[in-house]
Amino acid sequence: MGNPAKQPYHILIIDDDVDVLHSARMFLKQYFERVDTQEDPSQINSLISKNHYDVVLLDMNFRRGEHDGREGLYWLERIRTIDPKTGVILITAYGDIDLAVEAMRLGAANFVLKPWKNQKLLESVEAALRRKASDRQPKKGIAKGQEMPEMIGQSEPIRRVYELIGKVAATDANVLILGENGTGKDLVAQTLHYRSIRKNNPFIRVDVGALTSTLFESELFGHVKGAFTDAYQDKVGKFELASGGTLFLDEIGNLSLPQQAKLLTALQNRKISQVGSNQVVAVDIRLICATNMPLYEMASDQPVNQEGVFRQDLLYRINTVEITVPPLRERLDDLPLLAEHFLTQYAEKYHKPQPTLSEAAIRHLTRYPWPGNIRELQHAIERAIILSDQPELQSQDFALGVMPETVTTADSPKTLDENERNFIKQALDRNQGNITQTAKELGITRTALYRRLEKYGL
């Protein structure tokens, strides 16, 4: 039997291990027209600028004694900047696997583990080439202004949300969306907009909790050139950008009292003034707000200089209608539907056959309390799609937090707060107190984790 016909593709392998370079090149040059190797990653810029490579195999660690993989992420970013069309496959050790998954989110096509099997290496390169060819094909899309977000679920708690959306969407009533992080408050806001008479006008989302006191007015109301040190040109604020459409203020519970006062004035008058200007501009918006914080407790009688206070008059202004989005643990009947949706989404994204869930995997997923809600489920499904090559996903394919233990007759029942506290403490222990990694594992933001740490005295 003769050698296979070589495919007209150019491959670059970058690794500081000469043996790895030699063995990979000897194998791949049987299949591809050109296979180059390079030990020094600092040559990446000139190599990729001068040559066209269809696929680059990139080691994640180069400096002796360093194994955190950050070099690989850096060079991945450089390659994607120089030539975004080049497929990048990471060469990684087993301990780098979580970092490799993160790199795939940043644009890597795949990763292979050392030591690899030659057939697996070839399949990874060919999959990257197919993905590259697929990305060149024109995609059918929906016309702008006609996109409709997809809400998934048939459980009784989510049906009540659908019912409220159906009643309020066509009106201009202000809506306050309540719910834990990761439950889908953003999706509810988008659904309200796209089912309203404003659907062909802008939907502007602002994470007001992330705005500093100095940026708050500029971001929401805009500014004129010279209004402050870095105001080099005029800027239109989010209120004006949303005029005629919907303004969605997320994390509104994080606003300071001075920010609340400025927002209340704008909402009462439906007029704003840019920073540095005396001109008053009328705005026509439909207001939707969201928070995971207990606004009613925060709006009770407390000293006005205390942090965590929310003005009652602002609360009454934004909550003409309230919609509470249930946590995933209260709508577990929807979990198979949600999982199927994410399986389809990520199999398509990573150009892999869509796997099914085994019955054991479904039982495993429904036993978990999901402190990060749908966002955590989405992350777990994505990771399983990336890491598994099997047609059916099993329980062990899902890296979840500590599962609840089976309660025996001797055990005293625990409250939801007690269980959540234990889950967070165990996640902190696993991540050696690293807040960023713990929040990522739980599928919640750092801010939300800090609030829970304070709540539970951790």
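At least one donor-acceptor pair under 3.5 Å links the side chain of Lys185 to the backbone N or O of Glu180. Judged by distance alone, with hydrogens and angles left aside, the side-chain atoms of His223 form no donor-acceptor pair with the main-chain N or O of Val236 at under 3.5 Å. Formation of a donor-acceptor pair under 3.5 Å by the Ser243 side chain with backbone atoms of Glu240 is not found in this model. No donor-acceptor distance shorter than 3.5 angstrom exists from the side chain of Asn373 to the backbone of Pro327, with no hydrogens or angles considered. In terms of modelled atom types and a separation under 3.5 Å, the side chain of Ser218 and the main chain of Leu215 share no donor-acceptor contact. With Thr86 contributing its side chain and Tyr53 its backbone, the two residues share a donor-acceptor pair below 3.5 Å. For the pair Thr366 (side chain) and Ile362 (backbone), a donor-acceptor distance under 3.5 Å is present. Side chain of Gln38 to main chain of Asp40: a donor-acceptor pair is present (N/O by atom type, distance under 3.5 Å, no hydrogens or angles). Proximity of a side-chain donor or acceptor of Tyr9 to a complementary backbone N or O of Glu126 within less than 3.5 Å is not detected.
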Intermediate values then yes/no, side chain to side chain contact (heavy atoms under 4.5 Å, CB included), Leu57 and Asp15: CA-CA 8 Å; Leu57 286 99; Asp15 197 302; over 6 Å; no
Passes side chain to side chain contact (heavy atoms under 4.5 Å, CB included), Leu176 versus Leu295? Steps please. CA-CA 10 Å; Leu176 174 61; Leu295 290 192; 4.0 Å; yes
For Asp334 and Ser155, run side-chain hydrogen bond (donor to acceptor under 3.5 Å, both in side chains): C-alpha distance rounded to whole Å, both residues' side-chain angles, the deciding distance at 0.1 Å, then the answer. CA-CA 6 Å; Asp334 292 330; Ser155 65; 2.6 Å; yes
Starting from the C-alpha separation in whole Å, work towards a yes-or-no answer on side chain to side chain contact (heavy atoms under 4.5 Å, CB included) for Asp59 and Asp17. CA-CA 9 Å; Asp59 190 22; Asp17 188 326; over 6 Å; no
side-chain hydrogen bond (donor to acceptor under 3.5 Å, both in side chains) for Asn422 and Gln426? Distances and angles first, verdict last. CA-CA 6 Å; Asn422 289 338; Gln426 290 160 356; 5.7 Å; no
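Between Thr291 and Leu178 there is a side-chain heavy-atom pair separated by less than 4.5 Å. Residues Glu251 and Asn292 meet the side-chain proximity criterion, which asks for heavy atoms closer than 4.5 Å. Contact annotation: the side chain of Phe27 never approaches that of Val35 to less than 4.5 Å [non-hydrogen atoms, C-beta and beyond]. Residues His364 and Leu400 form a side-chain contact, since some pair of their non-hydrogen atoms from C-beta on lies under 4.5 Å apart. Looking at heavy atoms from C-beta onward, Glu376 lies out of side-chain contact with Leu328 at the 4.5 angstrom threshold. Under the 4.5 Å side-chain criterion, counting only non-hydrogen atoms from C-beta, Phe111 is in contact with Ile386. A heavy-atom distance below 4.5 Å is found between the side chains of Arg331 and Ile374. For the pair Ile44 and Leu12, the minimum side-chain heavy-atom distance is 4.5 Å or more.
Distance check: Phe216 CZ to Ser256 OG gives 7.5 Å after rounding to the nearest 0.5 Å. Atom CZ of Arg452 sits about 13.0 Å away from atom OG1 of Thr438, to the nearest 0.5 Å. For the atom pair NZ (Lys120) and CG (Leu122), the distance works out to 11.0 Å, reported to the nearest 0.5 Å. Here the CD1-CD1 distance, from Ile48 to Ile14, works out to 5.5 Å after rounding to the nearest 0.5 Å.
Among Asn110, Ile79, Asp83, the one residue that satisfies the side chain to side chain contact (heavy atoms under 4.5 Å, CB included) test with Val88 is Ile79.
Within 6.0 Å of NZ in Lys425 there are 12 or fewer heavy atoms belonging to other residues, nucleotides or ligands. For Glu348, the CD atom counts as loosely surrounded, since its 6.0 Å shell holds 12 or fewer non-hydrogen atoms of other residues, nucleotides or ligands. Taking a 6.0 Å sphere around CD of Gln396, one finds it holds more than 12 heavy atoms contributed by other residues, nucleotides or ligands.
Ring orientation note: the planes of Tyr350 and Tyr346 are close to parallel, at an angle under 30° on the 30°/60° scale. The aromatic rings of Phe239 and Phe221 are tilted relative to each other, their planes meeting at an angle between 30° and 60°.
Contact detail for Leu247 and Ala242: the closest heavy-atom pair is CB-CB, 4.0 Å.
Ion pairing between a basic and an acidic side chain is recognised when a charged N comes within 4.0 Å of a carboxylate O; Arg205 and Asp250 show such pairing.
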